[in-house]
Amino acid sequence: MTDANGIGMTSQRTRARMVERLREEGIKDPMVLAAMNEIPRHLFVQEGLQSRAYEDTPLPIGEGQTISSPYTVARSCELACQGRVLDKVLEIGGGCGYQAAVLSRLAKKVISLERIAKLVGTARNNLDRLRIRNVLVKVADGSRGYPREAPYDAIIVAAAMPFIPPELTAQLKPGGRLVVPVGLGEDQRLTLVEKREEGLVEQALETVKFVPLVSGVA
Ligand code: SAH
């Protein structure tokens, strides 16, 4: 991928270094690493920030929101996918569409919900530009999921929830996985819920820092 200011020419190398770092930080799934290597993160941030796009940091995307750090995206995808290609994934909190673009390589169909209409426009443009056709971006409050397209192989939430609403786990297929930051303020844990035959199995993983989930659309 090249673009007008030439950053595309160096971005493949920079991105390969980012993927190397992700590997060192413990991301193992080859499909996730390949997707992170393929999707040009710099095209998802504002021009002035493109030179920082491959640092392991969140960056502003407007409307007071941020694009999640590469590690956060890779980690959530790895937890959701378990090394297989999924049929259908729901992402709650799509922002500028970066994680949805990564997921487009890991699932046959991706539904991405975002409550801020302006960001939905940005995400759609970003995905169109990369000719990604298997992601449906919707303006919607995803607090209770999206029953219309359920059930899902995985649900990934990109904004912190104070608790896990039962409506979300209800929308998982048997064997499905929910990856969600749970908690308030600084006290958030990335949480994995698996829907097993014997019931829901919940694991609180590392401490994380996501923007809070907000109700309603804007
Ligand atoms: N997945 C994004 C991260 C975006 S940050 C990435 O690839 O970088 C989280 C996003 O969640 C913000 O854009 C915010 O507007 C959105 N959000 C917050 N509450 C929401 C809700 N109830 N429904 C849908 N989106 C929500």
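For this chain, numbers begin at 1 and follow the sequence in order.
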Please examine the side chains of Arg177 and Val193, heavy atoms only from C-beta on, and report whether any two atoms are closer than 4.5 Å.
no
Are the side chains of Glu25 and Asp56 in contact, using a 4.5 Å heavy-atom criterion?
yes
Could I get the full list of side-chain contact (heavy atoms from CB on, under 4.5 Å) partners for Pro151, not counting sequence neighbours?
Lys173
Partner set under side-chain contact (heavy atoms from CB on, under 4.5 Å) for Glu197, not counting sequence neighbours:
none
What donor-acceptor contacts under 3.5 angstrom involve side-chain atoms of residues 103-111, with partners at least two apart or in another chain?
unit_1	atom_1	unit_2	atom_2	d
Ser104	OG	Ala101	O	2.6
Arg105	NE	Glu38	OE1	3.2
Arg105	NE	Glu38	OE2	2.9
Arg105	NH2	Glu38	OE2	3.0
Lys108	NZ	Asp87	OD1	3.0
Lys109	NZ	Glu149	OE1	3.4

So do Pro60 and Leu49 actually touch side chain to side chain, heavy atoms under 4.5 Å?
yes
Give the table of side-chain donor-acceptor pairs shorter than 3.5 Å for residues 116-125, with sequence neighbours excluded, one pair per line with atom names and distance.
unit_1	atom_1	unit_2	atom_2	d
Lys118	NZ	Glu63	OE2	3.4
Thr122	OG1	Lys118	O	3.1
Arg124	NE	Val137	O	3.4
Arg124	NH2	Val137	O	2.6

Student check: side-chain heavy atoms of Asn126 and Ile132 closer than 4.5 Å:
no
Taking distance alone, no hydrogens or angles, what donor-acceptor pairs closer than 3.5 Å link side-chain atoms of residues 93-100 to residues at least two apart or in another chain?
unit_1	atom_1	unit_2	atom_2	d
Gln99	NE2	Glu91	OE2	3.1

Are Asn37 and Gln12 close enough that a side-chain donor and a side-chain acceptor fall under 3.5 Å?
yes
Hydrogens and angles aside, do Thr72 and Ser69 bring a side-chain donor and acceptor to less than 3.5 Å of each other?
yes
Review item, side-chain donor-acceptor pairs of residues 200-211, under 3.5 Å, at least two apart:
unit_1	atom_1	unit_2	atom_2	d
Glu206	OE1	Arg75	NE	3.4
Glu206	OE1	Arg75	NH2	2.9
Glu206	OE2	Arg75	NE	2.7

